[in-house]
Protein chains: 2
Amino acid sequence: MLDATSSYNPMDRRIPVDDRTGQHIVAETARRSENRYGNRPTMKDVAARAGVGLKTVSRVVNGEPGVTPDTERRVQEAIDALGFRRNDSARVLRKGRTASIGLVLEDLADPFYGPLSRAVEEVARAHGALLINGSSAEDPDREQELVLALCARRVDGLVVIPAGDDHRYLEPEIKAGVATVFVDRPAGKIDADVVLSDSFGGARDGVAHLIAHGHRRIGFIGDMPRIHTAAERLRGYRAAMEDAGIPVEDAWMSLGVTDPQRVRKAAEDMLSGPSPVTAIFAGNNRVTVTVVRVIAERGRPVALVGFDDIELADLLQPGVTVVAQDAAALGRTAAERLFRQLDGNLVTPERIELPTRLITRGSGELPPAR
Amino acid sequence: MLDATSSYNPMDRRIPVDDRTGQHIVAETARRSENRYGNRPTMKDVAARAGVGLKTVSRVVNGEPGVTPDTERRVQEAIDALGFRRNDSARVLRKGRTASIGLVLEDLADPFYGPLSRAVEEVARAHGALLINGSSAEDPDREQELVLALCARRVDGLVVIPAGDDHRYLEPEIKAGVATVFVDRPAGKIDADVVLSDSFGGARDGVAHLIAHGHRRIGFIGDMPRIHTAAERLRGYRAAMEDAGIPVEDAWMSLGVTDPQRVRKAAEDMLSGPSPVTAIFAGNNRVTVTVVRVIAERGRPVALVGFDDIELADLLQPGVTVVAQDAAALGRTAAERLFRQLDGNLVTPERIELPTRLITRGSGELPPAR
DNA sequence: CCCGCATCTGACAACGTTGTCCAGGCTCTA
DNA sequence: TAGAGCCTGGACAACGTTGTCAGATGCGGG
């Protein structure tokens, strides 16, 4: 957790105390900051104003039966007059469910995760739950920190896009009843529901597509193989090459490369060595974008297939051929499975794999440069 | 609120009761679902196991002083053995702050809001707070529903990208101490902090840029004028035209158009009427994308400047000239202002306007087709 | 007129945590 | 060795809500 740069420190609020007397210092400012929830009215206040009992207010607020219209009206008036709003924190404490679920992903700013998150939110909304988002920034420690913070809030369920590869820390939580679904990458070292895209098959098909168009020297640029999707896509690449009987040279593969600078260098190296590649398979959307730039700058056409669709890919010259995965479907599927767990329809953990789709737009159909 | 399609109904959980006896039916399944938090251990359990008092456990958990190392060790062992995790719901109830803030935006799947949300999250994280996201889908009722749900959770603060134009419903909340900052569009009918991009100036500059390159018949396609940014951008368009002494024809303006079908039609109409426009100013990222498509299909070059940057805009032929706003800076600025409110450094509500930046890439510098 | 019943209402405990405050044991000093 | 003072630990109330249950009220019938 980063250091707070200010005095807002919600989880460690100390009330100033006079050293000698032990009395609280209730100066005006201190009093204000001490007012929990800024002095919001409670059901007790509403009850007092309406001249009824506490429980009657509760009944009105929750639409429970057994309140005469006249009483209900009086209570409602008091509620409006005071601007009362039920405190769901207390409600949660009493009821045991928070009606909220957590989503831990890599980076909300990544165009792949926006739609995924939105899809999860929609499903949550249909079940009356709110969504708490957290970005792990691909850091396993931060992932764990986030997940545990969400568990401390007692979210009813968790959708996790893993950054780390060991999720045993979640075992007590799952045992305690926190519904959990992993998305995009499988959980590490525990048995849990997983919703994935078919990275292996998608990559294999994409590379096979290049091979079918006459390429033999095909480069692969992808993320660190410790990331499951990256490893699977690499495996797909190798499988396609092997199926075609093409031995892969080390110089054709660049792994663990993700920031634009290094992707750029990797692409340039592949394209300019003694036996340059004639086509590149890009392992994810960010890599694809950078490779498109490099190719555009070089002038000479190079075939390209990318994993993940990217916006405007169809408008480039040539259009970018991609292996598309449906981020929204991933999120929706995962969330639906989560709520099925919460409904108690517990089946054994399952691995759901969604198909990918090859979208041909031109760049993947270029013949090898001679 | 949509209907829940399942039995997960966290906020209205009824326990099955036998009609005749009034006794609870405690069949195995019912018992399980009745277990709050799935039977998680509490501090009481930890205290019993460690053979210490409840408060001592609390002290250990919160790192408060006044516990001997030996006692601390015993407590820690009990915590680990039971898999105890502090229940922040109860903590929140006691402490009065939730260490969470709410962000209501239009659509998390929109590439403009992803970075904004992420920026808010980072600031929140630096202050030890979690972020609850909600998408209003540009529906004022849904916005209000979301905001009030967040208030019921007692979020410490709210960052709102307004869908509606009347936020008086927030007055009691703000009075009760919920820090609130509006982003991207101003609040309606209440006085509150606002962080905006300079939509007017940006649009004016963008249109002036087209005029400077010789255009006089310039089209404008934008969102409904009830959306503040859309209205401001239209105003900027009109101002630039007026400054140049160019009377605007109605046929050049298309307002309230946002879905691709209708944007497409609007663009085609403008480009093919009796006095077709030679340039188009697109009011937001989605409009820009569609207009780029239409122009590309027509073959004949048409000048274009779009509001909002779009990915890969530099790689198109020609590159798309845009008026860029910094979504992350909007989010960061708003969140920082929010926490400044929470720190108690309350100043009077302020309107902060962030500058936009014209990025020339080619499409805005095309001369008018003769 | 009184009883039984149904309906409405409110007192009370509980949820899990933290703030307050006091008790008991220890150390240190005179 | 007694007293003062400190350190540690725990009992208790409170946060705002909901579930339980019993009491109050009103109504109709015997």
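Keep in mind it's a predicted model, so treat the numbers as computed, not measured. All chains are named by letter (A, B, ...) in the order of the sequence lines, taking the proteins before the strands, and each is independently numbered beginning at 1.
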Nucleotide C:dC15, atom P - distance to CZ of B:R86 in whole Å: 20 Å

Protein-nucleotide distance (A:M43, atom CE; C:dC15, atom P), rounded to Å: 19 Å

A:T56 side chain near C:dG10 phosphate (N/O to OP1/OP2, under 4.0 Å): yes

Rounded distance in Å - CZ (B:R154) to P (D:dC15): 14 Å

Candidates D:dG19, C:dT17, C:dT9 - which lies nearest the side chain of A:T71: C:dT9

Donor/acceptor link under 3.5 angstrom from B:R59 side chain onto base of D:dG10: yes

Whole-Å gap separating C1' (C:dT17) and CG (B:N62): 9 Å

Given D:dT17, D:dT8, D:dT18, the nucleotide with the shortest approach to the side chain of A:K55: D:dT18

Phosphate OP1/OP2 of C:dC15: any B:N87 side-chain N/O under 4.0 Å: no

Stepwise side chain to side chain contact (heavy atoms under 4.5 Å, CB included) check, B:L158 with B:V147: CA-CA 8 Å; B:L158 275 171; B:V147 166; 3.7 Å; yes

Pairing of A:R154 and A:E173 as salt bridge, 4.0 angstrom limit: no

Sugar-phosphate only, base, or nothing, as touched by B:G66 at under 4.0 Å among non-hydrogen atoms: sugar-phosphate

Sugar-phosphate, base or nothing in reach of B:V61, heavy atoms under 4.0 Å: nothing

Proximity to the side chain of A:T68 - top-ranked nucleotide from C:dG19, D:dG19, C:dC8: C:dC8

Pair B:E122 + B:R118: basic N to acidic O under 4.0 Å: yes

Spacing of A:K44 atom NZ relative to C:dC12 atom P, expressed in whole Å: 13 Å

salt_bridge(B:R73, B:E77) N-O dist < 4.0 Å: yes

Whole-Å gap separating P (C:dT17) and CZ (A:R91): 21 Å

Side-chain N or O of B:S58 closer than 4.0 Å to phosphate OP1/OP2 of C:dT17: no

Parallel, tilted or perpendicular: ring planes of A:F339 versus A:H127, cut at 30 and 60 degrees: parallel

Rounded interatomic separation in angstrom, taking CG from A:D70 and C1' from C:dT7: 15 Å

Nucleotide of D:dT17, D:dC15, C:dT9 approaching A:V67 most closely (side-chain heavy atoms): C:dT9

Integer-rounded Å distance: D:dA14 P and B:K95 NZ: 19 Å

Residue B:E64, side-chain heavy atoms: nucleotide from D:dT18, C:dG16, C:dG19 that is nearest: C:dG19

